[in-house]
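Step one of this worksheet: look at the structure below.
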Amino acid sequence: MKAVTLQNVHFQYEEEGPAVLSGVSASIQHGEWIAVIGPNGSGKSTLSRLFNGLLLPRTGEIYINGKSIFSDDDLPVIRREVGMVFQNPDHQFVAPTVRDDIAFGMENAGVPREDMLQRIETVARQTGVEDILDKEPHRLSGGQKQRVAIAGVLALYPSIMVLDEATSMLDPNGKQEVLHTIRSLHASSDVTILSVTHQLHEALMADRVWYMENGRIIHDVTAEELLHNLDWLQEKNIPLPYAASLYQSLAHKGISSRSLESFLWREKSR
Amino acid sequence: MFEHVIIGQYLPGRSILHRMDARAKLASVFFLIAAIFLTNSWTGYAVLGGAAAVIYLSSGVPFRYIRKGMAPIFLLVLFTFFIHALFTREGDVLLSLGAFQFYEDGVIQGLFIALRLLLLVFLTSLLTLTTSPIELTDAMEQFLSPLNRFRFPAHDVAMMMSIAIRFIPTLMQETEKIIKAQTARGADFSKGSLKDRAQAFVALLVPLFVRSFKRAEDLAYAMEARGYNSGAERTKLRQLIWKTRDTAACVLIVVLVAALFLLRE
């Protein structure tokens with residue numbers, strides 16, 4: 001069973017409005033990390049909101065761990081299985097303190113208090129917020145707030161985590177903090193991750209990258225394959241991270257990664 | 001400008017009053033306020049004043065915080081005193097100043113009203129100084145929860161209050177940001193006629209409202225995504241713990257109020 005299956009998904013916000021998603025079909029394996037990139041208005045964020053039924057497709061089907069998001073009985077379960085972290089750190093912090101905010105989802109799910117206290121300890125350590133549990137949101141940095149949001153999601157033991165541009169409003173330090181948390185999560189657990197991003201270097205951390213345009217997934221490639229198509233990315237005006245851009249310049253000069261690698265080894269042993 | 005914002009006027013501490021259950025405090029203040037308005041004798045007010053002093057001493061709150069809380073109503077107290085003193089024309093004339101005459105009953109009535117207002121603000125200040133807004137919200141939710149039977153959404157009301165409290169500093173930070181942004185564009189919030197200034201505030205309020213609506217929408221999405229369902233049973237992380245001393249305090253207050261009721265003239 002796949003973690004996520006999308007079958008010919010169509011979506012538009014208004015009946016007569018423009019199509020936001022037009023025929024998206026894809027699937028995600030358990031434990032996989034998918035990054036979604038693409039220009040503004042390509043449908044990335046909309047796609048991410050379909051994963052736990054915040055929005056429902058006009059036509060097509062979505063299965064989360066084999067359960068259809070159209071089933072009213074399964075939707076609460078799906079909401080628990082799919083955790084979402086949104087873009088703006090300030091617009092998703094509900095409770096007065098970090099501890100209460102991590103507990104918010106569990107309170108909704110009816111988790112007993114004893115379990116809550118224990119889970120808060122665990123996820124706070126996992127996300128590195130154990131020292132700020134009693135702080136109020138306005139005393140936290142953006143990166144801290146996003147890690148609290150991740151902790152709140154993890155406390156519900158999700159099998160899938162959706163991050164909708166979760167780092168885009170953070171300063172460089174905050175971005176690093178959050179990316180570090182996501183990476184260690186991916187390495188240490190089998191949570192399936194879908195991250196929507198504008199940053200190619202973030203996308204390259206994932207296992208697989210979906211490139212979206214005009215409501216369709218145009219490319220579905222591994223991160224490695226993406227690196228071999230840097231020229232194409234540049235045509236799409238996607239700014240390359242420094243390392244990738246160096247890699248591309250070298251390739252244009254006829255220096256392949258293999259020859260560079262053997263050159264560097266040779267230099268090192270000399 | 002707003003970095004050191006303290007929500008409400010809660011002053012964290014470890015005094016007996018701080019550690020009391022918020023429900024006990026809320027109920028006590030409620031009873032005492034009832035007593036304040038029922039009392040109509042000097043002995044009664046002496047007893048109430050004594051009780052208020054004892055409560056104050058157990059709070060460990062420096063007096064200047066109370067003074068700050070009471071300052072805004074001082075004018076109101078003076079105003080009501082004079083209204084009563086001047087317009088209750090019963091008893092003997094105590095003092096005559098031109099067209100104004102102070103009657104004995106009027107002055108007594110005015111003093112009572114002033115005392116009532118001062119005691120009221122004194123006690124509610126002590127409550128909010130020693131109880132965090134969140135504890136107060138939780139306590140209110142529990143007091144309102146019997147109304148659930150009449151379809152009154154006690155929990156939703158408490159959730160609304162706690163979200164409102166949580167967003168006060170965020171809104172202030174945002175206000176500050178917008179003021180800076182609009183000042184950079186040439187807006188002036190501190191000079192000019194009242195009309196000019198009112199117009200400048202439009203440039204502040206419009207973006208503030210637009211952003212707030214956007215935020216409300218995002219927040220609703222985030223809450224839904226995390227499984228919030230207004231009608232559903234929830235568990236709670238925060239607990240209010242009722243101890244023997246809370247019972248003792250409430251009994252004391254009830255006895256006091258009963259005694260005050262007997263002292264009525």
Side-chain angles (χ1 to χ4, degrees), chain A residues 45 48-49 51-55 75-117 119-120 133-134 136-140 145 149 152-153 155-156 158 161-162 164, chain B residues 2-8 10 12 132-138 141 155-156 158-177 211-241:
Chain A
S45 285
S48 75
R49 285 179 187 197
F51 275 57
N52 70 351
L54 279 182
L55 301 173
L75 197 59
V77 184
I78 290 176
R79 290 256 160 95
R80 228 167 303 156
E81 283 177 6
V82 183
M84 298 203 69
V85 179
F86 297 91
Q87 181 177 20
N88 193 321
D90 248 325
H91 295 187
Q92 53 187 320
F93 205 113
V94 182
T97 69
V98 170
R99 194 190 300 278
D100 294 290
D101 195 67
I102 296 176
F104 180 72
M106 293 191 280
E107 290 178 330
N108 294 335
V111 176
R113 188 169 181 273
E114 298 306 309
D115 286 5
M116 269 196 242
L117 291 170
R119 288 201 211 175
I120 290 172
L133 280 176
D134 291 312
E136 296 132 331
H138 60 280
R139 300 188 202 280
L140 304 178
K145 276 181 236 180
V153 162
L156 291 170
M161 183 132 97
V162 177
D164 183 5
Chain B
F2 300 115
E3 290 105 60
H4 307 293
V5 137
I6 298 167
I7 312 304
Y10 175 56
S132 73
I134 295 313
E135 281 178 312
L136 268 182
T137 316
D138 283 346
E141 179 184 352
H155 172 71
D156 286 334
M159 175 61 77
M160 269 155 54
M161 275 166 52
S162 88
I163 288 176
I165 294 166
R166 174 252 173 275
F167 275 101
I168 291 169
T170 312
L171 274 175
M172 285 181 157
Q173 283 170 349
E174 196 146 290
T175 309
E176 188 182 14
K177 233 185 270 176
R211 302 259 308 158
S212 295
F213 283 120
K214 168 77 181 132
R215 193 199 327 275
E217 194 191 353
D218 283 357
L219 192 69
Y221 263 130
M223 287 173 68
E224 208 187 328
R226 290 167 75 181
Y228 185 74
N229 186 348
S230 65
E233 271 300 301
R234 306 173 82 231
T235 46
K236 276 183 94 66
L237 177 69
R238 278 180 182 274
Q239 269 183 332
L240 295 168
I241 300 164

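A, B, ... follow the sequence lines: proteins, then strands. Residue 1 opens every chain. Note that the structure is a prediction, hence the values are computed from the model and not measured.
Contact of B:Ile134 with chain A is made through the side chain alone, with heavy-atom distances under 4.5 Å. Residue contact with chain B, scored on non-hydrogen atoms closer than 4.5 Å, involves the backbone and the side chain of A:Asp101 alike. In this structure, chain B has no heavy atom under 4.5 Å from any part of A:Pro76. Contact annotation for A:Asn52: only side-chain heavy atoms (C-beta onward) come within less than 4.5 Å of a heavy atom of chain B. Proximity to chain B is limited to the backbone of A:Ala95, based on heavy atoms less than 4.5 angstrom apart. Within the 4.5 angstrom heavy-atom criterion, no atom of A:Ile78 approaches chain B. With a threshold of 4.5 angstrom between heavy atoms, A:Leu75 does not approach chain B through any atom at all. Proximity to chain B involves both the backbone and the side chain of A:Arg99, based on heavy atoms less than 4.5 angstrom apart.
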* **Verdict with supporting geometry, A:Phe93 and A:Glu136, side-chain contact (heavy atoms from CB on, under 4.5 Å)** => CA-CA 10 Å; A:Phe93 205 113; A:Glu136 296 132 331; over 6 Å; no
* Evaluate the side-chain contact (heavy atoms from CB on, under 4.5 Å) criterion for residues A:Val85 and A:Gln92: first the C-alpha distance (whole Å), next the side-chain angles of each, then the deciding distance (0.1 Å), finally the verdict. => CA-CA 8 Å; A:Val85 179; A:Gln92 53 187 320; 4.1 Å; yes
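Here A:Arg113 is the residue among A:Arg79, A:Arg113, A:Met84 with the most heavy-atom pairs under 4.5 Å with chain B. Here B:Asp218 is the residue among B:Asp218, B:Ile163, B:Thr170 with the most heavy-atom pairs under 4.5 Å with chain A. Ranked by heavy-atom pairs under 4.5 Å with chain B, the first of A:Gly53, A:Pro96, A:Pro112, A:Ala103 is A:Pro96. Ranked by heavy-atom pairs under 4.5 Å with chain B, the list A:Asp100, A:Val82, A:Ile120 is led by A:Asp100.
The aromatic rings of B:Tyr228 and A:Phe104 lie parallel to each other, their planes meeting at an angle below 30°, with 60° marking the opposite boundary.
Taking all atoms of both residues into account, the shortest heavy-atom contact from A:Lys145 to A:Leu140 is CE-O, 3.4 Å. Closest of all the heavy-atom pairs between B:Gly227 and A:Asn108 is O-CB, 3.3 Å. In terms of heavy atoms, A:Val153 sits closest to A:Pro158 at O-CD, 3.3 Å.
For A:Thr97 and A:Asp134, the side-chain atoms include no donor-acceptor pair closer than 3.5 Å.
Atom NZ of B:Lys236 has more than 12 neighbouring heavy atoms from other residues, nucleotides or ligands inside a 6.0 Å radius.
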